[in-house]
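The chain is numbered in sequence order, starting from 1. This is a predicted model, so every value here is computed, not measured.
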Amino acid sequence: MRLLLMAVALLVIILPAFAQLDSAATPPAYKKLLAFPVVARSVETGWMFGGVACALFRIDRKDTVARVSNIEALAMYSLNKQLLTVINGTIYFPNEKYILNHQLSYSYFPDKFWGIGQHAPDSLEEPYQFKQYYVYLHGMRKLKKGLFAGAVYEMQKVMGVEYKSSGLFDKQQVAGRKGYLISGFGGSITYDSRSDAFSPNKGTFLQMIAKYYHPAVGSDYTYTNIIQDVRQYIPVTRKQVLAVQLYNFMNLGDEIPLRSLAALGGSSLMRGYYAGRYRDKQLLALQAEWRVPVYGPFGFVAFGGAGDVARRAMDYDFKDLKLAYGAGIRFALSKKDKLNLRLDYGFTNKKDQGFYLQLGEAF
């Protein structure tokens with residue numbers, strides 16, 4: 001019921017924007033619908049097949065300030081029997097006075113677990129699976145050019161968790177292993193001067209989000225989550241870009257449920273590592289990517305990163321950092337909007353590696 005209410009609330013916010021889009025009196029200067037079958041791959045899923053529909057638009061035809069908004073609907077099924085359905089996107093209202101980030105998703109996901117901690121060995125690998133509903137709403141209001149204050153709501157319902165009895169989940173008393181619900185509100189402060197949202201060639205992105213989860217708003221666990229995301233896009237030449245990201249993820253509380261733990265790895269952060277290969281309360285990572293156009297719609301990237309997880313900030317072991325590096329190819333699906341299909345191959349200093357075929361840049 002909570003998920004349904006959140007979905008309805010989201011539609012109430014979004015539908016007026018579409019009404020303006022469809023208004024004959026104020027036709028948008030730009031509107032495009034992309035719909036196509038998708039073949040994707042990641043370390044966690046193997047090959048995935050499905051479809052995506054992506055609406056690109058501006059709400060006000062006369063607006064020269066707001067970036068192009070997007071709403072994406074995605075449904076994918078993997079050869080590992082994983083199901084993922086997502087509706088997400090970012091809506092920029094006229095003059096970017098308001099911005100709405102949103103995500104609604106359902107997933108069924110056979111996964112892997114190595115235990116909690118920065119030194120979890122490969123030998124501990126155990127399979128498990130879960131089902132999850134997820135709602136994320138982040139509304140922001142402009143304070144002045146590039147500076148926004150926001151409010152955040154997040155809900156995650158994890159159920160149907162299946163794991164090895166008397167294995168790692170029981171031995172480490174992993175919170176949430178029987179299923180749970182978290183619900184929390186928070187605030188944000190954001191500075192965003194990026195040239196565009198999909199693949200910026202210049203600008204800065206600074207964001208801090210703090211969320212508090214408590215039984216008063218339906219949560220089974222009480223804790224605080226703080227995320228700091230810093231990105232800089234530096235033009236190297238007229239067309240080449242160096243993108244840099246510093247990402248800090250902190251959970252403060254006695255018990256943090258399984259799917260809310262910091263997870264190192266994945267298609268966006270520390271590529272080459274399985275997403276969640278290392279889990280703990282906190283994560284700190286620095287990564288960079290050099291982006292070079294090659295010919296027509298094709299481009300090339302080289303990337304690298306360093307990071308780790310820890311129980312507390314003073315527990316980071318900088319002598320045993322996790323390293324990730326690799327290269328990839330880009331193909332512009334929409335050159336005007338800089339929407340790219342990316343093919344990346346990542347390696348790590350822990351002998352992990354993986355191929356990624358994804359839509360959009362890593363960061």
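- A pairwise comparison of heavy atoms in Leu168 and Gly115 identifies CD1-N, 3.6 Å as the closest pair.
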Next on the checklist: Applying side chain to side chain donor-acceptor pair (under 3.5 Å) to Ser260 and Tyr221, what does each step give before you reach the verdict?
Outcome noted: CA-CA 11 Å; Ser260 295; Tyr221 292 89; over 6 Å; no
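- Using modelled atom types, one finds a donor on one side chain and an acceptor on the other under 3.5 Å when comparing Asp111 with Tyr274.
- In this structure, Arg177 pairs ionically with Asp170, as a charged nitrogen and a carboxylate oxygen lie closer than 4.0 Å.
- The residues Asp254 and Lys281 are annotated as not salt-bridged, no charged nitrogen and carboxylate oxygen being separated by less than 4.0 angstrom.
- Environment of CZ in Phe36: crowded, with over 12 heavy atoms of neighbouring residues, nucleotides or ligands closer than 6.0 Å.
- No salt bridge links Lys322 with Asp352; every basic N to acidic carboxylate O contact stays at or beyond 4.0 Å.
- Atom CE of Met250 has more than 12 neighbouring heavy atoms from other residues, nucleotides or ligands inside a 6.0 Å radius.
- The backbone N or O of Gly360 sits less than 3.5 Å from a side-chain atom of Arg342, completing a donor-acceptor pair.
- A cation-pi arrangement is not found for Arg259 relative to Tyr133, the charged atom failing to lie both closer than 6.0 Å to the ring centre and inside a 45° cone about the ring normal.
- Taking the ring centre of Tyr356 as origin, the terminal cationic atom of Arg271 falls outside the region bounded by 6.0 Å and 45° from the ring axis.
- For Lys131, the NZ atom is loosely surrounded, since the number of other residues' heavy atoms within 6.0 Å does not exceed 12.
- Between Phe169 and Tyr163, the angle of the ring planes lies from 30° to 60°, which puts this pair in the tilted group.
- Within the 3.5 Å criterion, the main-chain N or O of Thr204 finds a donor-acceptor partner in the side chain of Ser193.
- Between Arg231 and Glu361 there is no salt bridge, since no side-chain nitrogen of the basic residue lies less than 4.0 Å from a carboxylate oxygen of the acidic one.
- Residue Phe93 comes nearest to Ala66 through the heavy atom pair O-CB, 3.8 Å, listed as atom of the first residue, atom of the second, then distance.
- Between Gly176 and Val161, the closest heavy-atom pair is O-CG2, 4.3 Å.
- Here Lys171 does not pair with Glu126 in a salt bridge; the nearest charged N to carboxylate O distance is not below 4.0 Å.
- Note: Phe318 and Tyr316 have tilted aromatic rings, judged against thresholds of 30 and 60 degrees for the angle between ring planes.
- Ring geometry, Phe347 versus Tyr345: the interplanar angle falls from 30° to 60°, so the pair is classed tilted.
- Of all non-hydrogen atoms in Gln358 and Ser42, the two that sit nearest each other are NE2-CB, 3.9 Å.
- Formation of a donor-acceptor pair under 3.5 Å by the Gln232 side chain with backbone atoms of Gly203 is found in this model.
- Heavy-atom neighbours of Ile329 CD1 from other residues, nucleotides or ligands within 6.0 Å: at or below the threshold of 12.
- Across all their heavy atoms, Ala120 and Trp114 have their closest contact at CB-O, 3.2 Å.
- Inspection of the Tyr213 and Glu154 side chains reveals an N or O donor paired with an N or O acceptor under 3.5 Å.
- The CG atom of Leu269 lies 10.0 Å from the CG atom of Leu286; values are rounded to the nearest 0.5 Å.
- Remark: Trp290 engages Gln240 in a side-chain hydrogen bond (donor to acceptor under 3.5 Å, both in side chains) (not counting sequence neighbours).
- Using modelled atom types and a 3.5 Å distance limit, the side chains of Tyr180 and Gln156 yield a donor-acceptor pair.
- Shown are Lys351, Lys112, Arg277; of these, the salt bridge (Lys or Arg N to Asp or Glu O under 4.0 Å) with Asp122 is made only by Arg277.
- Taking the six-membered ring where the residue is Trp, Trp47 and Phe355 present tilted rings, their angle falling between 30° and 60°.
- Between atom CD1 of residue Ile209 and atom CZ of residue Phe249 there is a gap of 10.5 Å, rounded to the nearest 0.5 Å.
- Ile227 contributes atom CD1, which lies 4.5 Å from atom CG of Asn225 (distance to the nearest 0.5 angstrom).
- For the residue pair Tyr108/Gln129, the side-chain donor-acceptor check at 3.5 Å is satisfied.
- Of all heavy-atom pairs between Asn340 and Ser199, the closest is ND2-OG, 4.1 Å.
- Classification of Asp192 and Lys142 as a salt-bridged pair fails, no side-chain N sitting under 4.0 Å from a carboxylate O.
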